[in-house]
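Structure record follows, encoded as structure tokens.
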Amino acid sequence: MADLKKLMLDEIRKNTRIQSSYIDETEELIDTGLEKTDDNLTAVACAYLDEKGYRRRVDNLEIAKSKILETSEGYDTIIVKKNRIVETNIFEKATVAELRDALEVCLVNTIYSIHTKIDRLTNKQYEYKVDYVDSLKLESERPKQGHLGAEEFESFEETLNKRAAEGWELDKIQNEPKGNRVFLVFKREKIS
């Protein structure tokens with residue numbers, strides 16, 4: 001039979017709005033037992049650089065050596081600092097009733113999140129932007145480099161891609177009633 005407490009703990013851990021654990025980080029001094037010789041110091045510094053993912057460059061090696069010597073001051077052997085990280089589960093010793101209460105909070109958070117998403121879907125609001133262009137130019141109409149107007153040319157695709165990068169989508173294209181210009185109407189959802 002499934003362990004009810006374990007199932008409840010798993011569900012609580014899945015919820016991102018509830019902190020189910022905390023991390024305790026402590027710094028420890030570890031005695032390597034190695035004498036303070038240049039070879040030993042270099043070996044420990046190289047191991048430190050490898051562990052941290054640093055490149056074995058001369059400047060990195062010298063910095064690591066100086067830090068290790070600073071930590072080892074007053075000792076006969078090489079001492080290194082290590083961070084020990086312990087993660088503690090907050091709900092590990094909780095009763096089933098306390099876990100049930102935490103699950104109810106998870107349920108309320110989930111329902112609120114669903115409500116917010118449904119509200120956003122049903123009550124969408126948009127903002128609009130209108131661009132005026134003299135004509136819609138295709139990429140195939142682009143003048144060759146060095147020709148007059150080549151720097152100012154913007155194709156319809158470029159305009160659409162530029163606005164899309166800003167979060168706009170094309171809503172409609174409309175010709176000016178009296179004239180040759182074209183209106184490009186863009187819209188994007190207002191996020192509140």
Side-chain angles (χ1 to χ4, degrees), residues 1-28 49-55 81-142 150-192:
M1 182 150 203
D3 183 13
L4 181 62
K5 190 172 179 179
K6 183 182 178 322
L7 291 172
M8 293 170 92
L9 279 170
D10 290 343
E11 287 302 314
I12 291 170
R13 281 190 200 110
K14 288 179 191 176
N15 192 310
T16 57
R17 293 181 180 224
I18 292 181
Q19 181 180 349
S20 61
S21 63
Y22 66 90
I23 296 175
D24 186 26
E25 186 174 350
T26 56
E27 191 174 77
E28 296 179 332
L49 292 175
D50 293 343
E51 179 185 328
K52 295 293 183 181
Y54 296 118
R55 292 177 51 200
K81 285 183 186 177
K82 294 265 184 178
N83 288 340
R84 186 169 57 112
I85 299 171
V86 177
E87 184 175 358
T88 305
N89 188 341
I90 294 172
F91 294 103
E92 195 65 43
K93 295 179 181 171
T95 64
V96 173
E98 290 170 330
L99 291 174
R100 190 173 296 123
D101 291 343
L103 278 173
E104 286 180 16
V105 171
C106 292
L107 182 63
V108 168
N109 285 336
T110 304
I111 290 172
Y112 177 75
S113 176
I114 291 170
H115 173 71
T116 304
K117 288 176 184 174
I118 289 174
D119 185 50
R120 200 172 133 217
L121 286 172
T122 57
N123 298 319
K124 280 188 178 182
Q125 293 183 347
Y126 295 98
E127 58 182 326
Y128 293 89
K129 181 177 199 146
V130 178
D131 280 353
Y132 304 98
V133 293
D134 292 327
S135 66
L136 298 177
K137 300 170 189 153
L138 299 176
E139 194 62 39
S140 61
E141 298 170 358
R142 180 178 294 282
E151 294 83 24
E152 301 162 3
F153 184 88
E154 185 173 309
S155 70
F156 183 50
E157 290 174 20
E158 289 174 321
T159 303
L160 289 176
N161 288 331
K162 182 171 67 172
R163 293 292 176 233
E166 298 168 356
W168 298 96
E169 66 180 85
L170 183 65
D171 187 42
K172 63 175 125 177
I173 301 174
Q174 188 169 343
N175 290 325
E176 188 177 30
K178 297 178 183 175
N180 297 337
R181 295 175 75 180
V182 178
F183 299 121
L184 301 175
V185 181
F186 294 92
K187 73 177 183 178
R188 71 176 168 195
E189 186 179 350
K190 283 185 181 180
I191 309 288
S192 51

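Just so it is clear, the structure is predicted and the values come from calculations on it, not from any experiment.
The structure places NZ of K190 at 6.5 Å from CD of E127, a figure rounded to the nearest 0.5 Å. Note that CG of N175 is 9.0 Å distant from CZ of F183, once rounded to the nearest 0.5 Å. Here the straight-line distance linking atom NZ of K129 with atom CZ of R188 works out to 7.0 Å at 0.5 Å rounding. In this structure, E154 CD and K162 NZ are separated by 4.0 Å, a value rounded to the nearest 0.5 Å. To the nearest 0.5 Å, atoms NZ (K81) and CD (E27) are separated by 4.5 Å. Atom NZ of K6 is separated from atom CG of L99 by 13.0 Å, given to the nearest 0.5 angstrom.
By the neighbour-count criterion of 12 heavy atoms within 6.0 Å, atom CD of Q125 is sparsely surrounded, having that number or fewer from other residues, nucleotides or ligands. In this structure, Y54 places its OH atom where only 12 or fewer heavy-atom neighbours from other residues, nucleotides or ligands lie under 6.0 Å away. Annotation: K5, atom NZ; neighbour count of heavy atoms from other residues, nucleotides and ligands within 6.0 Å is above 12.
Looking at heavy atoms from C-beta onward, N89 lies in side-chain contact with R13 at the 4.5 angstrom threshold. In this structure the side chain of L170 reaches within 4.5 angstrom of the side chain of F156, judged on heavy atoms. Side chains of L136 and L184 form a contact here, defined as non-hydrogen atoms less than 4.5 Å apart. Contact of the D24 side chain with the T88 side chain is not registered, since no non-hydrogen atoms from C-beta on lie closer than 4.5 Å. Side-chain contact between K187 and E169: present, with at least one pair of heavy atoms (C-beta onward) separated by less than 4.5 Å.
Side-chain atoms of S113 do not come within 3.5 Å of backbone N or O of N109 as any donor-acceptor pair.
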Item checked: Full working for side-chain contact (heavy atoms from CB on, under 4.5 Å) between E11 and L103 -> CA-CA 7 Å; E11 287 302 314; L103 278 173; 3.6 Å; yes

Next item on the list: Give the intermediate values and the outcome of salt bridge (charged side-chain N to carboxylate O under 4.0 Å, His left out) for residues K14 and D10.
Entry: CA-CA 6 Å; K14 288 179 191 176; D10 290 343; over 6 Å; no

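In this structure, F186 has its ring center at least 6.0 angstrom away from the ring center of Y128.
Annotation for V96 and M8: closest pair O-CE, 3.7 Å, computed over non-hydrogen atoms.
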